[in-house]
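To start, the structure itself, in structure tokens.
Below, each value reflects all heavy atoms present in this structure, side chains not excepted, and no hydrogens, waters or symmetry copies. What you are looking at is a predicted structure, and each value in this text was computed from that prediction instead of being measured.
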Amino acid sequence: MPDQSSTLLFVYEPERACFDRLVANGCSPTRAAEVASYLAQSTDIAPEFDAMAQACARRGLRFEPVALDDAPQALAGRDPERTLVWTISDGIAYFRGSAGPALARLNDLPTLGADDSLFALCQDKFRSGAVLRALGLPVPEAGLARNGVWLVEPPASPSGYFVKPNRLGAKIGIYSDSRCHSLDHALDLSRRVFAAYRDDVVVQPYVAGRNVRVSFLGLEPETGVEALGIFFVDSGGDFQTMEDSLALYGDTGAEAKATGAYAEPELVPVAAGQPRAAERISAIAGRLMQALALRDVFSMDFRVEANDTVHLIEFEVCPGLPCFDFRAYCKAQWGLGLAEAIAETASNRLNSQLSRARQMAV
């Protein structure tokens with residue numbers, strides 16, 4: 001039987017396991033490496049497992065990292081009152097991290113983060129955009145194309161278009177010409193993405209502005225929008241490409257550091273220069289927390305214009321915890337390093353679980 005002391009089960013999907021599976025399914029090694037790099041947070045956080053274990057131990061918790069393929073056995077037979085499952089790999093198409101919360105639900109175990117339905121939804125940009133627009137949020141309208149054929153035509157756009165893969169994150173499949181000025185060019189990009197990744201593309205009217213990353217970690221169970229971190233992410237260009245992303249994270253990021261090509265974007269608080277935009281972003285985040293049960297840990301991407309017009313681009317239920325932006329958020333908002341922030345959040349959740357269980361037993 002598993003040890004029944006309070007335990008944080010930290011479920012992650014390794015880059016290598018994803019790479020091997022993609023190659024076995026006929027993906028070229030080059031493309032498989034690009035896709036698997038989306039899971040760089042699993043690679044980048046592994047060296048910190050010892051620090052996380054020590055931080056948990058100081059709070060009376062066991063820390064147990066679990067590779068995704070081992071999760072079915074690792075989650076079976078656990079005590080729901082003394083176990084917390086935290087999955088840091090999402091997706092349902094190329095990545096399988098959404099199986100983590102589903103396995104937790106199958107075993108009646110509580111999770112930290114969104115439920116499994118949102119793990120799948122946020123990794124399909126066209127579907128999630130439709131849901132967000134139905135909630136009345138300022139999301140650009142979108143068309144959908146597959147290998148040069150329109151499935152849904154985009155609206156006319158005098159500002160041109162932005163083209164991105166529908167189910168891939170971490171800027172995979174975003175190129176220097178992903179902002180284009182004709183629908184013919186957009187269809188050409190859809191052929192390029194389909195040939196490389198067998199994915200559809202979302203085609204949205206281009207929206208001007210600066211890129212904004214919103215980060216959230218609910219250190220306490222009742223933490224709300226007051227704990228949002230809302231930062232401009234200035235990388236020196238209009239948008240980040242796949243090459244930019246590969247140079248920041250995982251094995252490819254390590255190579256970039258070794259060659260001197262690594263450069264983190266600058267983070268600037270939105271409220272410092274555009275407080276009205278920050279207030280609007282906070283209200284949107286609150287709406288999503290209420291309507292979609294977005295909770296515990298997440299991120300969002302926005303574009304903000306100089307006149308404070310806000311465009312919601314997408315949300316993410318599994319932000320890159322070891323990435324520079326989330327580390328900066330933990331330090332700025334909570335005054336904690338990453339390992340301590342993770343351990344403190346887990347400890348507070350597990351203590352809350354035990355308290356509720358005791359109240360129900362009375």
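- Residue pairs meeting the side-chain hydrogen bond (donor to acceptor under 3.5 Å, both in side chains) criterion with at least one member in residues 137-155, sequence neighbours excluded, are Arg146-Asp200.
- No side-chain N or O of Ser299 forms a donor-acceptor pair with one of Glu316 less than 3.5 Å apart.
- Residues passing the ring pair (Phe, Tyr, Trp, His ring centres under 6.0 Å) test with Tyr94: none are found, sequence neighbours excluded.
- Residues passing the ring pair (Phe, Tyr, Trp, His ring centres under 6.0 Å) test with Phe315, sequence neighbours excluded: none.
- Cluster membership for Leu183 and Tyr175, using ILVMFWY side-chain heavy atoms within less than 4.5 angstrom, is shared.
- Asp199 contributes a side-chain N or O that, together with a main-chain N or O of Arg167, makes up a donor-acceptor pair within less than 3.5 Å.
- The CG atom of Leu61 sits 13.0 Å away from atom CZ of Arg349, with the distance rounded to the nearest 0.5 Å.
- A cation-pi arrangement, defined by a distance under 6.0 Å to the six-membered ring centre and an angle within 45 degrees of its axis, is absent between Arg179 and Tyr161.
- Judged as a ring pair (Phe, Tyr, Trp, His ring centres under 6.0 Å), and not counting sequence neighbours, the contacts of Phe63 are Phe10, Phe49.
- Residue Arg276 comes nearest to Asn307 through the heavy atom pair NH2-O, 4.2 Å, listed as atom of the first residue, atom of the second, then distance.
- Using a 4.0 Å cut-off between a side-chain N of Lys or Arg and a carboxylate O of Asp or Glu, Asp188 and Arg192 do not qualify as a salt bridge.
- Through direct or indirect side-chain contacts shorter than 4.5 Å among Ile, Leu, Val, Met, Phe, Trp and Tyr, Phe19 is connected to Val23.
- With sequence neighbours excluded, no residue forms a side chain to side chain donor-acceptor pair (under 3.5 Å) with Arg21.
- No chain of hydrophobic side-chain contacts below 4.5 Å, direct or via other Ile, Leu, Val, Met, Phe, Trp or Tyr residues, connects Val304 to Val207.
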Under the criterion side chain to side chain donor-acceptor pair (under 3.5 Å), I'd like the reasoning laid out for Thr30 against Ser28: C-alpha separation, chi angles, the key distance, then a yes or no.
CA-CA 5 Å; Thr30 298; Ser28 74; 5.0 Å; no

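- Residues near Ile92 contribute nothing to a hydrophobic cluster around it, because no ILVMFWY side-chain heavy atom sits closer than 4.5 Å to its side chain.
- Under a hydrophobic-cluster definition in which Ile, Leu, Val, Met, Phe, Trp and Tyr are linked whenever side-chain heavy atoms come within less than 4.5 Å, directly or via other members, Ile172 and Phe194 are assigned to different clusters.
- Applying the side chain to side chain donor-acceptor pair (under 3.5 Å) test to Arg198 and every residue at least two apart in sequence or in another chain returns nothing.
- A ring-ring contact (aromatic ring centres under 6.0 Å, His included) check over residues 113-144, counting only residues at least two apart or in different chains, returns nothing.
- Scanning for ring pair (Phe, Tyr, Trp, His ring centres under 6.0 Å) contacts around Phe95 gives Tyr38, with sequence neighbours left out.
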Please table the atom pairs, donor to acceptor, closer than 3.5 Å between any side-chain atom in residues 278-286 and protein atoms at least two apart or in another chain.
unit_1, atom_1, unit_2, atom_2, d
Arg280, NH1, Asp308, O, 2.7

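- Annotation: side chain of Ser352 is not in contact with side chain of Asn348 (no heavy-atom distance under 4.5 Å).
- Rounding to the nearest 0.5 Å places CG of Leu137 at 5.5 Å from CG of Leu288.
- Here Glu314 pairs with Lys164 in a salt bridge; the nearest charged N to carboxylate O distance falls below 4.0 Å.
- If you take CZ on Arg213 and CZ on Phe326, they are separated by 10.5 Å, rounding to the nearest 0.5 Å.
- The heavy-atom pair separating Ser178 from Leu189 by the smallest distance is CA-CD1, 4.0 Å.
- The pair Arg210-Glu305 fails the salt-bridge criterion, with no side-chain N (NZ, NE, NH1 or NH2) lying under 4.0 Å from an Asp/Glu carboxylate O.
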Asn166 and Asp124: side chain to side chain donor-acceptor pair (under 3.5 Å), yes or no, with the steps?
CA-CA 6 Å; Asn166 186 43; Asp124 188 310; 3.1 Å; yes

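- Using a 4.5 Å heavy-atom cutoff, the side chains of Glu15 and Ser42 are not in contact.
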List the steps, then state whether side chain to side chain contact (heavy atoms under 4.5 Å, CB included) holds for Val163 with Ile174.
CA-CA 7 Å; Val163 181; Ile174 294 179; over 6 Å; no

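- Nearest heavy atom pair, residue Leu84 against residue Leu112, reads CD1-N, 3.8 Å.
- Under a hydrophobic clustering in which Ile, Leu, Val, Met, Phe, Trp and Tyr are joined whenever their side-chain heavy atoms come within less than 4.5 Å, directly or via other members, Trp334 and Leu338 fall into the same cluster.
- Other residues, nucleotides and ligands contribute over 12 non-hydrogen atoms within 6.0 Å of the CD atom of Gln73.
- Rounding to the nearest 0.5 angstrom, the gap separating the CG atom in Leu336 from the CD atom in Glu344 is 7.0 Å.
- Under the 6.0 Å cut-off for aromatic ring centres, Phe216 and Phe298 qualify, their centroids lying closer than that.
- Counted within 6.0 Å of CZ on Arg127, heavy atoms from surrounding residues, nucleotides or ligands total 12 or fewer; the atom is thus considered open.
- We find the CD1-CD distance between Ile313 and Gln204 to be 6.0 Å, quoted to the nearest 0.5 Å.
- Smallest separation of non-hydrogen atoms from Leu121 and Ser128: O-CB, 3.5 Å.
- In this structure, the side chain of Ser159 engages the main chain of Tyr206 through a donor-acceptor pair within 3.5 Å.
- No donor-acceptor pair closer than 3.5 Å links the side chain of Glu220 to the backbone N or O of Glu222.
- Ion pairing between a basic and an acidic side chain is recognised when a charged N comes within 4.0 Å of a carboxylate O; Arg295 and Asp115 show no such pairing.
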Evaluate side chain to side chain donor-acceptor pair (under 3.5 Å) for Arg78 paired with Asn107, printing each intermediate quantity in order.
CA-CA 8 Å; Arg78 300 282 180 164; Asn107 286 280; over 6 Å; no

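- Annotation for Pro14 and Ala67: closest pair CG-CB, 4.3 Å, computed over non-hydrogen atoms.
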Given Glu340 and Arg59, is the salt bridge (Lys or Arg N to Asp or Glu O under 4.0 Å) satisfied, shown in steps?
CA-CA 10 Å; Glu340 293 292 332; Arg59 294 163 174 82; 2.7 Å; yes

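- Put simply, Ile342 and Val11 are part of two different groups of oily side chains (I, L, V, M, F, W, Y) that touch within less than 4.5 Å, one to the next.
- Taking each heavy atom of Glu48 and Pro322 in turn, the nearest pair found is OE2-CB, 4.5 Å.
- The side chain to side chain donor-acceptor pair (under 3.5 Å) test applied to Ser89 returns Glu13, not counting sequence neighbours.
- Put simply, CG on Leu217 and OG1 on Thr223 are 8.0 Å apart, with the number rounded to the nearest 0.5 Å.
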